[in-house]
Amino acid sequence: MRLVAEQNGEILVVRAMEDRIDAACAIQFKDRMREITQDNCPRVVLDMARVAFLDSSGLGAVVAVMKALAPDRRLELSGLTANVQKVFRLTRMDSVFVIHAEVPDGLRHAG
Amino acid sequence: MRLVAEQNGEILVVRAMEDRIDAACAIQFKDRMREITQDNCPRVVLDMARVAFLDSSGLGAVVAVMKALAPDRRLELSGLTANVQKVFRLTRMDSVFVIHAEVPDGLRHAG
Amino acid sequence: MACMAYPSAAHLCAQVVIPADPLAVREGLKALFDTILLRSLPEDRRGTAEIVLAEALNNIVEHAYARHSGDIEITLDLRGPDLVCRILDSGLPMPKETLPEGRLIARADVSNLPEGGFGWFLIRALSRDLDYRRVGGRNLLSFRLNTQQAMV
Amino acid sequence: MACMAYPSAAHLCAQVVIPADPLAVREGLKALFDTILLRSLPEDRRGTAEIVLAEALNNIVEHAYARHSGDIEITLDLRGPDLVCRILDSGLPMPKETLPEGRLIARADVSNLPEGGFGWFLIRALSRDLDYRRVGGRNLLSFRLNTQQAMV
Ligand SMILES: Nc1ncnc2c1ncn2[C@@H]1O[C@H](COP(=O)(O)OP(=O)(O)O)[C@@H](O)[C@H]1O
Ligand SMILES: Nc1ncnc2c1ncn2[C@@H]1O[C@H](COP(=O)(O)OP(=O)(O)O)[C@@H](O)[C@H]1O
């Protein structure tokens, strides 16, 4: 599970580099996210622009990461691809997360 | 079973206009050939350039037509497509018939 | 010949057999979605099919084969506008031999958000004619997916 | 992820069910050969497949269903370089429940040329692993066709 993190002021952008977050790697994803977000950065943005597929295990892992950051810190999402968006919408999780179309302004150079 | 016959001197050219001579039309083919070849033309050429498929019933019908013409008259074939040729070759019937690549010379305008 | 008395409808299918294991599920889905059968579907229908199949397969790996290993056979039939999906496994039967309900549990606060239980909800939301039965000591799960018009 | 531990081979198949009748055979073959499965074969392999399938189906119509009507189910599976063909019918069993030999009868003179009996010869000449068995009161004929290299 390759995740690339980049700090930018008070925002930590984590880019998921795999094309799937599924049952085969959900636990690995959760563990790596936990390591990466140990430093106290108030906002964490998970950029999923490269993730073409997310199943319910992957969704569960993203929810778990959000819960681990709460209540002090927030997990925001960006770059949801069509099929990933569908899973968030159907499960109503799109109303639980702050979802950006792209990595928030001023961070786009961080690619 | 559409067959188009054209007399040219002592040769009768019969063009099979269907793309298949198979079990569904073999008997019809045999009957129509018998009607068409009733006039006493010494050579009969069956042009099969439009026939993409011939099964063993179709082959049996062609053999039956030849036998009906023998011993006084001959059935020749022309324009065998690849798949029809394969059936003649495998069953050794290519050695029994006179097979022309095209309708014999001087008859090509008859199309 | 103009005879069209028998408009026999041939249908295409694709099949794969995988061991019950999360990586095999991933590879099996990849193999299926690489076939011309699935490559012929519109992009969003492919996406939906992958979600539903992945959820069904993950459940089998996790629950039906919780105590032993075995194979899963997936057969997809393209019948007119529908992709008919059949999944066979030799694992434990479904509890009470019935399909789980798969309701979405609404939670007000973040600390109570569910981290699982979305599987059957997604399968039910995206498929039609969902059916489960025990046949010859095996689990047969079947459902239909629309391959043409985007419904979601 | 680089894990390729499970190179699950998905295979494509095509299926059609037809009434046992010469025109239905023709239409059923047309439907099968119009599927992307068969359109993906090289031209001469398509041709060979059509000969073998037509001969097998014609025999069933003529002999197995000589006394009553019924259906024929044809399933084609693309397995690696082979097209695995299975044909099921509910007609009379094969005489002695064995496959006819299908020898080519050589004749010297035209008046003795055979007008039939080429069917099994062609099937045997063009297929591999030809097998016949009676299963559940039905005839199951199966064989493999090479889809890649021209052998004939
Ligand atoms: N193939 C199966 N065989 C037996 N039980 C199953 C099977 N699939 C699911 N279950 C049952 O369904 C439930 C799982 O539902 P699901 O919505 O997918 O949640 P989860 O995310 O926990 O897998 C469990 O309670 C389990 O008992
Ligand atoms: N499906 C079948 N069921 C029963 N008998 C069959 C079947 N197919 C073929 N036969 C037998 O095979 C022989 C037909 O062989 P074939 O070489 O095709 O010649 P033909 O051109 O007469 O059909 C017959 O003797 C028939 O008894």
Side-chain angles (χ1 to χ4, degrees), chain B residues 1 18-31 33-34 37 43-44 46 48 50-77 80-99, chain D residues 18-30 32-33 41-63 65 72 100 102-127 150-152:
Chain B
M1 188 74 226
E18 308 294 343
D19 66 346
R20 311 174 70 88
I21 303 181
D22 60 13
C25 67
I27 292 173
Q28 228 188 334
F29 166 80
K30 215 163 26 179
D31 291 348
M33 282 299 286
R34 190 161 305 155
T37 57
R43 284 175 68 191
V44 179
L46 174 64
M48 300 180 75
R50 295 182 191 220
V51 180
F53 182 75
L54 176 93
D55 64 10
S56 68
S57 305
L59 178 65
V62 174
V63 172
V65 170
M66 172 192 241
K67 285 162 74 173
L69 293 176
D72 300 333
R73 299 190 289 159
R74 289 169 58 189
L75 177 64
E76 302 170 35
L77 306 175
L80 270 55
T81 58
N83 214 30
V84 171
Q85 213 158 20
K86 192 184 287 172
V87 171
F88 274 88
R89 195 174 59 241
L90 284 167
T91 57
R92 313 276 157 78
M93 285 294 162
D94 55 349
S95 65
V96 171
F97 289 87
V98 173
I99 299 178
Chain D
I18 56 165
D21 153 317
L23 276 176
V25 167
R26 186 190 277 180
E27 293 303 316
L29 288 173
K30 187 174 180 313
L32 281 175
F33 283 80
L41 303 193
E43 189 53 35
D44 77 309
R45 302 289 89 196
R46 282 169 58 88
T48 298
E50 191 164 7
I51 295 170
V52 181
L53 287 168
E55 295 305 335
L57 296 173
N58 288 342
N59 273 329
I60 292 169
V61 170
E62 205 183 322
H63 302 292
Y65 285 115
I72 311 175
R103 281 215 209 111
L104 208 57
I105 303 150
R107 283 290 143 87
D109 59 310
V110 168
S111 64
N112 276 333
L113 276 176
E115 289 171 35
F118 308 115
W120 285 106
F121 171 78
L122 287 170
I123 295 171
R124 288 188 181 274
L126 296 169
S127 72
M151 298 190 308
V152 187

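A, B, ... follow the sequence lines: proteins, then strands. Residue 1 opens every chain. All values reported here derive from a predicted model rather than from experimental measurement.
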I need the [X] [atom1] to [Y] [atom2] distance, nearest 0.5 Å.
| X | Y | atom1 | atom2 | answer |
| --- | --- | --- | --- | --- |
| B:T91 | D:I105 | OG1 | CD1 | 12.0 Å |
| D:K30 | B:F53 | NZ | CZ | 14.0 Å |
| D:D44 | B:K86 | CG | NZ | 5.0 Å |
| B:C25 | D:R26 | SG | CZ | 5.0 Å |
| B:L90 | D:F118 | CG | CZ | 11.5 Å |
| B:L54 | D:E50 | CG | CD | 11.0 Å |

B:D55 side chain vs D:A54 backbone, donor-acceptor pair below 3.5 Å: no
Please list, chain by chain and in numerical order, all residues satisfying salt bridge (charged side-chain N to carboxylate O under 4.0 Å, His left out) with D:R46, sequence neighbours excluded.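 So D:R46 forms a salt bridge (charged side-chain N to carboxylate O under 4.0 Å, His left out) with D:E43.
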Tell me, side chain or backbone of [X] under 4.5 Å from chain B's heavy atoms, or both, or neither?
| X | value |
| --- | --- |
| D:I123 | neither |
| D:L122 | side chain |
| D:L104 | side chain |

Does the side chain of B:R20 come within less than 4.5 Å of D:L29's, by heavy atoms?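 Sidechains of B:R20 and D:L29: in contact.
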Can you list the residues of residues 61-73 of chain B that sit under 4.5 Å from chain D, counting heavy atoms only? B:V63, B:A64, B:M66, B:K67, B:A70
Please name the pair of heavy atoms, one in B:A24 and one in D:P22, separated by the smallest distance, quoted to 0.1 Å.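 Looks like CA-CB, 3.7 Å.
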